[in-house]
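Here is the structure we will look at, set down as structure tokens.
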Amino acid sequence: MDKKIVATTSLAGCFGCHMSVLDIDERILDLIELVEFNKSPIDDIKTFTKHCDIGIVEGGCATSENVHVLKEFRKNCSTLIALGECAIMGGLPALRNNIPITECLEEAYLNGLTTKDNNPDRILPNDEEIPMMLDRVYPIRELVKVDFFLPGCPPTADLIWNALTALILGKEMDLPYEVIRYD
Amino acid sequence: MAKIVTFSIDGQKCMAEEGQYLVDAAETNGVYIPTLCNMTGVPPQGSCRVCSVKINGKLTTACTTKVSEGMEVINESEEIQDLRKAIIELLFAEGNHFCPSCEQSGNCELQALAYRFQVLVPRFPYLFPERDIEASNPKLFKDHNRSILCKRCIRAITDERGRRLFAFGKRGDRIGISIDTKLAANISDELADRAAEVCPVGAIIRKGRGFAVPIGQRRYDGQPIGADVEQAK
Ligand code: SF4
Ligand code: SF4
Ligand code: FES
């Protein structure tokens, strides 16, 4: 059997979901037999070098760069998985969704306890190199089509393992009670 | 003694006392019908529709229906299960449910139902409504982002003189629970505990407790909501 090609990324996430991928413990040795990683923080490949079978996205979209990477993933991956609460519904970053973006930036850079005395010119980050913050945090399915959703903060290692092996081997996914968690 | 009636759930023969509500009668027979707005001992109001069943071919709520002789109940058809699942998903989409940072997580009836129905993602888009929180009460913390408007707090919580502590404020999609600040200012610890307890979600939280039970030991960590009813069979 040809190895499936997998890409992963973390958008507005905390890397917890990636840690949970590693949490499959010694099964990672079996996984390596089944897949080859392409663009991913796991192997540090920065750009897609070929079309991938499976794209795994952690985190929602909080900046223009997140949107760009997400669209690249959709273009380069046959199957796209939203991994974790942030990719699915914005997660904790989306707590800001009802606060106007100006207020968020002012709190972080002008009025916050640690910044108010240290930013005498009252500068909000505006360098062209810095991605623009979006007005709110978007669940990724609001921007691209998503094929599968694996909830959890982070998703349990067993949920990730069951989903990946089902996809790779073309089986029905095993969903025992303990694997679905939102926290 | 009350008269005993026979009826059936999904073809299984059941017996109960005449006049019992169907959810309770089902429980006595080891059958779990999911509920959310209902509470044993408090008159039902039938608002959440999670307990929907088909009785003699007609869709209705099991918490408000009394059993009668010869009743034929469908509890587990694909259609009904999907309807219940849709209602649960709707509640997640129309509120702001950040389970990872919620004190109720693991003990929450809404979340537990979503686990039981294997909700991986709601089929509806998230609304991210603007909802307030209220932290002025010395013992209770109200987070309206998580309220499912089941009215359990309004229906079940009164002080020693029978006065209600909670009420609905505003109307339409702005509707929310308000606490009677004067009455609630001096409530006992027991009543505060009970208020937090009757709320099926994390909308009424007891202050000073935080994340009291470790992950793995919370109410729904080990087994699905309703499993106790099914096992008692
Ligand atoms: S109330 Fe329940 S569903 Fe809502 S955030 Fe808290 S744990 Fe999650
Ligand atoms: S505060 Fe809790 S008990 Fe009261 S209506 Fe909202 S969800 Fe129900
Ligand atoms: S439990 Fe019956 S309608 Fe809510």
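In what follows, chains carry the letters A, B, and so on, assigned in the order in which the sequence lines appear, proteins first and then strands, with residues in each chain numbered from 1.
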Checklist line | Rounded distance [0.5 Å steps], CG in Asn145(B) versus CG in Asn98(A) | finding: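 With rounding to 0.5 Å, CG (Asn145(B)) is 7.5 Å from CG (Asn98(A)).
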Next item on the list: Please round to the nearest 0.5 Å and tell me the distance separating atom CG of Asp183(A) and atom CD of Gln111(B).
Entry: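 Separation between the atoms: 5.5 Å.
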Next item on the list: Applying side-chain hydrogen bond (donor to acceptor under 3.5 Å, both in side chains), name anything that partners Glu106(A), two or more places apart in sequence or on another chain.
Entry: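 Not a single residue meets the side-chain hydrogen bond (donor to acceptor under 3.5 Å, both in side chains) criterion with Glu106(A).
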Notebook entry, point to check: Do Asn96(B) and Asn97(A) come within less than 4.5 Å of each other through their side chains, counting heavy atoms only?
Noted result: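 No. Closest side-chain heavy atoms not under 4.5 Å.
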Check: Looking at side-chain heavy atoms only, is the closest gap between Tyr126(B) and Ile88(A) below 4.5 Å?
Finding: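 Answer yes - side chains close enough.
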Item checked: chain A contact via Asp221(B) - side chain, backbone, both or neither, heavy atoms under 4.5 Å ->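 Both backbone and side chain of Asp221(B) come within 4.5 Å of chain A.
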Checklist line | Heavy-atom proximity to chain A below 4.5 Å, by part of Ala114(B) | finding: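 Both the backbone and the side chain of Ala114(B) come within 4.5 Å of chain A.
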Per-residue contact mode, [X] against chain B (heavy atom under 4.5 angstrom):
X	result
Glu178(A)	neither
Ile99(A)	neither
Arg181(A)	both
Ala94(A)	both

Looking only at non-hydrogen atoms, find the nearest pair between [X] and [Y] and report the distance.
X	Y	value
Leu92(A)	Phe98(B)	CD2-CB, 4.2 Å
His97(B)	Met89(A)	O-CE, 3.5 Å
Arg141(A)	Pro122(B)	NH1-O, 2.7 Å
Pro151(A)	Leu120(B)	CD-CD2, 3.6 Å
Tyr177(A)	Tyr220(B)	OH-O, 2.8 Å

Hey, is [atom1] on [X] packed in by over 12 heavy atoms from elsewhere, all under 6.0 Å?
X	atom1	value
His51(A)	NE2	yes
Gln81(B)	CD	yes
Phe148(A)	CZ	no
Lys71(A)	NZ	no
Arg27(A)	CZ	yes

Margin query: In this structure, is the centre-to-centre distance between the rings of Phe92(B) and Tyr182(A) below 6.0 Å?
Written below: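 Yes; Phe92(B) has its ring centre under 6.0 Å from that of Tyr182(A).
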Margin query: For chain A, which candidate among Ser105(B), Pro224(B), Pro100(B) shows the most heavy-atom pairs at distances under 4.5 Å?
Written below: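 Most heavy-atom pairs within the cutoff with chain A belong to Pro224(B).
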Next item on the list: Find the one option among Cys102(B), Ala93(B), Pro129(B), Gly106(B) whose heavy-atom pairs under 4.5 Å with chain A are most numerous.
Entry: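 The candidate making the most pairs under 4.5 Å is Pro129(B).
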Notebook entry, point to check: Can any side-chain N or O of Gln118(B) pair as donor or acceptor with the backbone N or O of Leu175(A) at less than 3.5 Å?
Noted result: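 Yes, Gln118(B) side chain to Leu175(A) backbone: donor-acceptor pair under 3.5 Å.
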